Amino acid sequence: MFRRVLLSASRSDRLKQALVQTPVSGGVVRRFVAGETASDAVSVSRDLISDGRLVTIDHLGEDTIDLTQAEATRDAYVKLLRLLSEARLTAGAEVSVKLSAIGQSLPGDGEKIALEHARQICSAAASAGTTVTVDMEDHTTTDATLAAVAELRRDFPSTGAVLQAYLFRTQADCRDLAHAGSRVRLCKGAYKEPESVAYTDGPDVDRAYVRCLKILMAGQGYPMVASHDPRLIEIAGALAVRHDRAKGSYEYQMLYGVRPAEQQRLASQGEKMRVYLPYGDQWYEYLVRRMAEKPANLALFVRSLTSKS
Ligand code: FDA
């Protein structure tokens, strides 16, 4: 119920107006978002990398229905990759891209336009010495997104795919993608999906996540365990041991600002720990979703709005 209220708040223009007037430098916004500019993203990446973590940077914004905006998002990624390269951070930093932000939902040729933009971002990433992971969105886009990843991997084999454990189809997708060289991020899934395509109960999603993780850990690919869930993190560690996987042949991933102490603990044990780091002026919807996931984050946010510092 609370989650539903917050998710509808993410679509409230009045609430958005009120919050947008809060400078992004405000404490809690800064806890979850690097800032509004590429320089902010580079600066926070530098801090995280010097602390032993890795990053994947997301330029905030999705569902672009305007070609100019899709091109601007592509340009933002290309500029970010250049700045990361100049700052010599690309050994520890990659980028995450939503196809809907670079044109997938444009009428007519949207899929083709998004693929071309993604190719340009992958090319900029390769020149900078890093790579791209293609985020997964709602289930109506899964086939198209996996097809785009397959296409991108012809020229850029390290392009990462994302699979969502809550979808019934995902075990089969894990089997398809668990081959040598294949980077696969496994997450629970963040969209409101119908019961016809996805598990909707928490425990069912968790069990599906474990089944998928078993396939990825047993396979030849590079699993990226994207979860804050302590039980799943423990199970991932146990599966890595069972399959004789050396540290570094898989990685953990968490969102910036979520369980930072756990991120540091895993990194200090020699695990690869990558932080998903969003930046950009479209931070509002992203932030409200984080509030919906964890009400304690909302209390922190409200405190920061009323604090004078
Ligand atoms: P869940 O939210 O169920 O939390 C499980 C447990 O984790 C909690 O009970 C608590 O113990 C702990 N926990 C969670 N949040 C916490 C907090 N703020 N503080 C303290 N403890 C906390 N989704 C998608 O559909 N497409 C995508 O491309 C991506 N990409 C992506 C990348 C990365 C790096 C991450 C981490 C996540 C995504 N996601 C995503 C989002 C994902 O699908 C999911 O919605 C969130 O990660 C929340 O799921 P958890 O696995 O963390 O478990």
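Whatever order the structure lists them in is the order used to number ligands and atoms, beginning at 1. Remember, it's a predicted structure, so these values are computed and weren't measured experimentally.
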Numbered atoms and elements of ligand 1 in range of Asp135, under 4.0 angstrom, heavy atoms: 28 (O)

Ligand 1 to Leu255, heavy atom cutoff 4.0 Å, flagged ligand atoms 33 (C), 35 (C), 36 (C), 37 (C)

Polar-atom distance check: Ala190 versus ligand 1, any N or O pair below 3.5 Å? yes

Does the N or O separation between Gly189 and ligand 1 drop below 3.5 Å for any pair? yes

Identify the two heavy atoms, one from Lys98 and one from Tyr191, that lie closest to each other, and give their separation to 0.1 Å. CE-OH, 4.0 Å

Of all the atoms in ligand 1, which lie at a distance below 4.0 Å from a heavy atom belonging to Met254? 36 (C)

Looking at Lys188, His139, Gln253, Glu251, the heavy atom closest to atom 53 (O) of ligand 1 belongs to Lys188

The side-chain contact (heavy atoms from CB on, under 4.5 Å) partner of Val275 among Gln253, Met254, Gln263 is Gln263

Name the option, out of Thr133, Leu232, Leu163, Val258, that contains the heavy atom nearest to atom 18 (N) of ligand 1. Val258

Which atoms of ligand 1 sit under 4.0 Å from any heavy atom of Gln164? 24 (C), 25 (O), 26 (N)

N or O pair under 3.5 Å between Ser227 and ligand 1: yes

Within a radius of less than 6.0 Å around CG of Leu67, do more than 12 heavy atoms belonging to other residues, nucleotides or ligands occur? yes

Closest heavy-atom pair and its distance - Gly160, Arg183: N-NH1, 3.2 Å

For ligand 1, which part of Val162 has a heavy atom less than 4.0 Å away: the side chain, the backbone, both, or neither? side chain

Which ligand 1 atoms, with their elements, are less than 4.0 angstrom from a heavy-atom of Tyr276? 32 (C), 34 (C)

For Tyr191, the ligand 1 atoms whose distance to one of its heavy atoms is below 4.0 Å: 25 (O)

Greater than 12 external heavy atoms within 6.0 Å of Glu195's CD: no

Salt bridge check, Asp143 against Arg169: does any charged N sit closer than 4.0 Å to a carboxylate O? yes

Salt bridge check: are Glu234 and Arg231 linked by an N-O gap of less than 4.0 Å? no

Judged on heavy-atom distance to atom 29 (C) of ligand 1, which of Gly160, Cys187, Pro230, Ala161 sits nearest? Cys187

With the threshold set at 4.0 Å, does a side-chain nitrogen-carboxylate oxygen contact exist between Arg82 and Glu86? yes

Nearest heavy atom to atom 12 (C) of ligand 1, choosing from Arg185, His228, Glu137, Lys98, belongs to His228

salt_bridge(Arg265, Glu262) N-O dist < 4.0 Å: yes

